[in-house]
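Reckoned from all heavy atoms, side chains included, excluding hydrogens, waters and symmetry mates.
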Number of protein chains: 2
Amino acid sequence: MEQQEAERQDERNVEPPAEEQRSDELRQYDEVASAFVERFAADMTEAGMQRMAARIFACLLSSEDGSLSSAQLAERLRVSPAAVSGAVRYLSQVHMVSREREPGSRRELYRVHENVWHEALVDRDRILGRWAKTLRTGEASIGPDTPAGRRIRETCDFLEFMQQELSQMLERWRAHRASRDAHEAPRDG
Amino acid sequence: MEQQEAERQDERNVEPPAEEQRSDELRQYDEVASAFVERFAADMTEAGMQRMAARIFACLLSSEDGSLSSAQLAERLRVSPAAVSGAVRYLSQVHMVSREREPGSRRELYRVHENVWHEALVDRDRILGRWAKTLRTGEASIGPDTPAGRRIRETCDFLEFMQQELSQMLERWRAHRASRDAHEAPRDG
DNA sequence: CGCTTCTTTCAGAAATTTGTGAAGTTGCAG
DNA sequence: CTGCAACTTCACAAATTTCTGAAAGAAGCG
């Protein structure tokens, strides 16, 4: 229920012309990853996510080992460290990215949580809970026996139903993935 | 995965002091419904929905028979008809509100779709589909056998799993509701 | 037909969000 | 303890979104 106006950022900074020559590591990144990052970030943005947060998340997702430092992100996305900092804070708050410290270094690594989607759905669950609470209160104050009250209750019932289903779905996903992995990679175990 | 900064609009125009005296119909509205509308709208806004759209949706949801005219909405929410018009257009696009014409009148009624949530989830399904498509393309271009490729595929697999589950969930909801209604209101059948 | 009523469209003002540069903070290292 | 490297915070600038007033567009009614 919360996608935005559809299009918004089509041709953004997806400029391939590698100005002078950036760090070696980036050569490969510029080639293909950037295209994916910007496109997937656009999808997420359209669905209501903050743009910079979406870009950073996509960038981490498509990175070699799922984690990058602030400086690396700033370089790849061509934005200031400040922008990275702000977006990462947001992503941490919603449990999509975790921060870790490289032992003997001042570098901090941001990593996509292994089960991002699990985390994301837990948050979603929290949101649904808040909505349900508001709706129950509203139903009571408006009057449970009025048409409006009934309509609100119906909505609330649905949300609570969905909340239950959500956790069961995650259960099934874990099972699904487990059996899939057992089948596809029977070696090693 | 797309809730916003948490707080944003706490004390907005929830002013109870009824200026001079507005239309009779509004007396009751101002009392309690407005509080609910603004609060639920805030919840939805925090989850990423456009503010005005959220307010209008909440207002319709808590209205006597689930439908109001542009003028009524403008009056209740204290905004210009123009703002209503824009938000309603958005709500129509995402299938949360439908417009209907009162037969012998120039009035147009906006109505919350009977199964708003069904509609909303269908849209959600569409979004997931788009994401999955982007991810598949990305997986291919980045390389299915790279760590990043595998991570992207995992994400995609999950989304597609969720897409399937979504429709099954709606099925179960219909069953759930049907049995509930049959139990709670066995008369009339 | 033209008047009246209700809604939409459009240009622009206001408010909000987003991103930057610069200064500040933290912590390793010599 | 001084220096440096990496990240964060802050004030401000830019871009975007959101809402309004005014004018135009429909549609019933006399």
Side-chain angles (χ1 to χ4, degrees), chain A residues 2-13 23 41-42 44-46 48-57 59 67-93 97-111, chain B residues 2-13 23 41-42 44-46 48-56 67-93 97-111:
Chain A
E2 65 251 344
Q3 64 274 52
Q4 310 299 62
E5 308 72 46
E7 76 266 288
R8 189 191 300 180
Q9 53 152 28
D10 296 75
E11 58 248 328
R12 199 156 290 278
N13 40 0
S23 69
M44 291 189 285
T45 300
E46 285 167 26
M49 194 174 179
Q50 297 176 7
R51 175 175 21 198
M52 187 59 75
R55 295 220 293 154
I56 284 180
F57 177 75
C59 201
S67 66
L68 294 168
S69 70
S70 172
Q72 288 176 310
L73 285 168
E75 187 175 23
R76 296 189 180 200
L77 300 175
R78 317 275 197 122
V79 294
S80 72
V84 174
S85 180
V88 162
R89 182 174 21 176
Y90 167 77
L91 287 169
S92 299
Q93 281 174 355
V97 159
S98 61
R99 348 165 66 120
E100 42 185 70
R101 197 73 167 200
E102 259 185 275
S105 163
R106 342 148 196 58
R107 258 191 165 173
E108 191 153 21
L109 285 185
Y110 307 124
R111 174 181 301 282
Chain B
E2 65 250 344
Q3 64 273 52
Q4 310 296 62
E5 308 73 46
E7 74 265 290
R8 190 191 301 177
Q9 52 152 31
D10 296 76
E11 58 247 329
R12 199 155 290 279
N13 40 359
S23 69
M44 290 190 286
T45 300
E46 285 168 25
M49 193 173 180
Q50 297 178 8
R51 176 174 25 200
M52 188 58 75
R55 296 219 293 154
I56 285 181
S67 66
L68 294 168
S69 70
S70 171
Q72 288 176 309
L73 284 168
E75 189 176 22
R76 297 188 179 201
L77 299 177
R78 317 272 197 122
V79 294
S80 73
V84 173
S85 180
V88 162
R89 182 174 22 177
Y90 166 77
L91 287 169
S92 299
Q93 282 174 353
V97 159
S98 62
R99 350 168 63 122
E100 42 186 69
R101 198 70 166 199
E102 258 186 277
S105 164
R106 343 148 197 58
R107 263 189 161 173
E108 190 151 21
L109 285 185
Y110 308 123
R111 174 181 300 282

When rounded to the nearest 0.5 Å, the distance separating OG of A:Ser85 from CE of A:Met52 is 11.5 Å
Rounded to whole angstroms, how far apart are CE on A:Met49 and C1' on C:dT17? 16 Å
Less than 4.5 Å apart, any side-chain heavy atom of A:Val84 and any of A:Ile56? yes
Distance, rounded to the nearest Å, where B:Leu77 contributes CG and D:dT18 contributes C1': 15 Å
Return the set of residues passing salt bridge (charged side-chain N to carboxylate O under 4.0 Å, His left out) with B:Arg89 (not counting sequence neighbours), or none when no residue passes. none
Residue set satisfying salt bridge (charged side-chain N to carboxylate O under 4.0 Å, His left out) with A:Glu108, at least two apart, ordered chain then number -> A:Arg99, A:Arg101
Taking side chain to side chain contact (heavy atoms under 4.5 Å, CB included) as the definition, give me every residue that meets it alongside A:Ser98, ordered by chain and number, with sequence neighbours left out. A:Arg111
Just verifying a value: how many Å separate A:Ser69 OG and A:Arg107 CZ, rounded to the nearest 0.5 Å? 4.0 Å
Could you state the CE-P distance from A:Met52 to D:dA15, rounded to the nearest angstrom? 14 Å
In chain order, what residues pass the side chain to side chain donor-acceptor pair (under 3.5 Å) check against A:Ser70, with sequence neighbours excluded? none
How does protein contact run along nucleotides 3-11 of chain C, one letter per nucleotide 5' to 3', with B for base contact, S for sugar-phosphate only, - for none, heavy atoms under 4.0 Å? --BSSBB--
Whole-Å gap separating P (D:dC19) and CZ (B:Arg78): 16 Å
D:dC19, OP1 or OP2 - any side-chain N/O from B:Arg51 closer than 4.0 Å? yes
Whole-Å gap separating P (D:dT16) and CD (A:Gln50): 16 Å
Rounded interatomic separation in angstrom, taking CG from A:Leu73 and P from C:dT20: 13 Å
To the nearest 10 degrees, what angle separates the axes at the start and end of the helix from C:dC1-D:dG30 to C:dG30-D:dC1, five pairs each? 10°
If you define the side chain from C-beta out and look only at heavy atoms, does anything of B:Leu68 sit under 4.5 Å from B:Tyr110? no
